**Q** 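Below you will find the structure I want to go over with you.
Remember, it's 1-based here, ligands and their atoms both numbered in the order they're listed. Bear in mind that the values here come from a model prediction, so they are computed numbers and not experimental data.
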Amino acid sequence: MNKGIALTGIKPTGTPHIGNYFGAIKPAIELTKEYDARYFIADYHALNSIKDPQKINEMTYEVAATWLACGLDPKKALVYRQSQVPQTFDLSTILLAFTSKGLMNRAHAYKALVQSNNELNRDADDGVNMGLFTYPVLMAADILLFDSDVVPVGKDQAQHLEMTIDIAQSVNHIYKKDVLTIPKPLIRESTHTVIGLDGRKMSKSYNNTIPLFLPSKKLRKLLMKVVTNSQTIEEVKDPDKCNIFALYKLFASVEQQNNLREKYLAGGMGWGYAKQELFEVMDEMVSPMREKYNELMSNKDFIDNILDEGSKKAREIAFEKMKYVKNILGFK
Ligand code: TRP
């Protein structure tokens, strides 16, 4: 049986939060049951914005430990560092020759930066490095190097995937051959969006995140900050219009949800009580993962071993693909 290939890149930036867990990590791990998974740390992508070696290094471990602690099994999925698969950059250079500058001009991230420069009366290209400008090409190389069939990503990456498909099609068209596998985007819909402390979408840019592996005490303290209305204890409350309950549903069983719902509807329950309930279900679910995470973070050699092993296998696959591609293009 030939499984399809699922591939995604994880940028080592920012401490993972529960929005990342439910939105990206958990569904991607579930996908490893059906697909041959290749999940890598997109560390060269991070270089465009982070020039602090220690930060890059630390974030890489954080991200790898998070995914492993959440249940990513390196025996079932190839887990590697992008920077350790040099064929990626070989293919990326090739793809540049098939990518029009106009396509890159339309990339959202680049356009947003130019626009903000214009608004601030700065030179249009202020702070734009070529890594950022050609980011979609490197991403296309990440994907096309491994003959990816499906690529699970958030909505913000949809345009990058369209560009990947565009670039791959132009190669295939020119050589009249399926040189590169056209990937299918698996875009996560925003209906699964996890809300943050203030009820808006959980996002670093809103400063409303709940980090996944906060120590219990700090987690409890943070959850006490979930924004609620100002109803009194006696009042009957609507669980379906409540941030606490929305978060509670992510962690609680149906039975637990029904119990808490009744308390909302009966009146006589204060917000402090609901927050404590939320803390307890969340803490119970994340505790074993947090333990695993801390164990991994204190054993970086172990993480290195996994990433080195994965990278070695990834290089072998990538080597074969590049041999094939270079041959078709007329190179030895
Ligand atoms: N650009 C993605 C992000 O910012 C990360 C990424 C890099 C990626 N290469 C990839 C995702 C290849 C999917 C496939 O989240």
Side-chain angles (χ1 to χ4, degrees), residues 4-17 19-25 27-29 31-32 35-50 56 59-60 62-64 66-67 72 77-92 95-96 99 104 107-113 129 131-168 180-188 190 193 201-205 209 310-311 314 317-318 321:
I5 293 167
L7 173 139
T8 200
I10 312 144
K11 246 185 9 177
T13 51
T15 304
H17 54 69
N20 300 135
Y21 176 73
F22 288 105
I25 304 174
I29 291 176
L31 216 57
T32 64
Y35 287 90
D36 235 334
R38 280 134 205 208
Y39 296 163
F40 69 96
I41 310 208
D43 46 3
Y44 273 5
H45 281 283
L47 186 61
N48 293 329
S49 51
I50 306 175
I56 295 244
M59 293 279 199
T60 299
E62 263 190 36
V63 157
T66 298
W67 281 68
L72 179 63
L78 210 52
V79 188
Y80 58 94
R81 285 190 185 89
Q82 179 196 35
S83 60
Q84 286 185 295
V85 184
Q87 287 86 0
T88 308
F89 319 111
D90 197 346
L91 182 59
S92 179
L95 296 180
L96 281 169
T99 307
M104 295 298 97
H108 296 319
Y110 167 70
K111 260 172 68 175
L113 210 65
N129 60 52
L132 175 92
F133 186 62
T134 60
Y135 187 108
V137 182
L138 181 54
M139 185 160 156
D142 292 329
I143 296 168
L144 300 171
L145 184 59
F146 289 95
D147 289 310
S148 311
D149 294 301
V150 294
V151 183
V153 285
K155 258 192 180 151
D156 61 321
Q157 299 298 314
Q159 190 200 30
H160 288 152
L161 283 183
E162 279 164 31
M163 291 177 163
T164 297
I165 292 170
D166 233 51
I167 297 168
L180 302 167
T181 302
I182 308 296
K184 201 169 122 238
L186 274 189
I187 311 287
R188 290 185 293 273
S190 56
T193 301
K201 173 183 168 6
M202 187 175 291
S203 161
K204 267 187 294 177
S205 44
T209 64
S311 301
I317 299 168
K321 181 72 189 178

**Q** Asp43 and Ser83: side-chain donor and acceptor closer than 3.5 Å?
**A**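 Short answer, yes.
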**Q** What protein heavy atom is closest to atom 1 (N) of ligand 1, reported as residue, atom name and distance in Å?
**A**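 Scanning the protein heavy atoms, the shortest distance from atom 1 (N) of ligand 1 goes to Tyr135 OH, 2.6 Å.
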**Q** Show which atoms of ligand 1 fall inside a sub-4.0 Å distance from at least one heavy-atom site of Val153.
**A**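 Taking each heavy atom of Val153 in turn, ligand 1 has 11 (C), 13 (C) under 4.0 Å.
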**Q** To which protein heavy atom is atom 10 (C) of ligand 1 closest, and what is the distance rounded to 0.1 Å?
**A**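 Looking at atom 10 (C) of ligand 1, the protein heavy atom closest to it is Met139 CG, 3.5 Å.
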**Q** Which residue owns the protein heavy atom closest to atom 13 (C) of ligand 1, what's the atom, and how far is it?
**A** Gly9 N, 3.4 Å
**Q** Taking non-hydrogen atoms only, is Phe40 closer than 4.0 angstrom to ligand 1 via side chain, backbone, both or neither?
**A** side chain
**Q** Looking at non-hydrogen atoms alone, which of Gln82, His160, His45 comes nearest to atom 7 (C) of ligand 1?
**A**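 When every heavy atom of Gln82, His160, His45 is considered, His45 comes closest to atom 7 (C) of ligand 1.
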**Q** Which atoms form the tightest heavy-atom contact between Gln157 and Val153, and what is the distance?
**A** CB-CB, 3.7 Å
**Q** Please state which protein non-hydrogen atom is closest to atom 9 (N) of ligand 1 and give its distance, to 0.1 Å?
**A**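 Looking at atom 9 (N) of ligand 1, the protein heavy atom closest to it is Asp142 OD2, 2.8 Å.
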**Q** Would you please indicate yes or no on a ring centroid separation below 6.0 angstrom for Tyr80 and Phe146?
**A** yes
**Q** Just to confirm my output: which protein heavy-atom neighbour is closest to atom 3 (C) of ligand 1, and how far is it?
**A** Gln157 NE2, 3.3 Å
**Q** Suppose I only count heavy atoms of Ile143 and a 4.0 Å limit; which atoms of ligand 1 are within that range?
**A**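 With Ile143 as reference, the close atoms of ligand 1 come out as 12 (C), 14 (C).
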**Q** Show the atoms of ligand 1 that are less than 4.0 angstrom away from any heavy atom in Val151.
**A** 13 (C), 14 (C)
**Q** Look at the aromatic rings of Phe133 and Tyr110 and report parallel, tilted or perpendicular, splitting at 30° and 60°.
**A** perpendicular
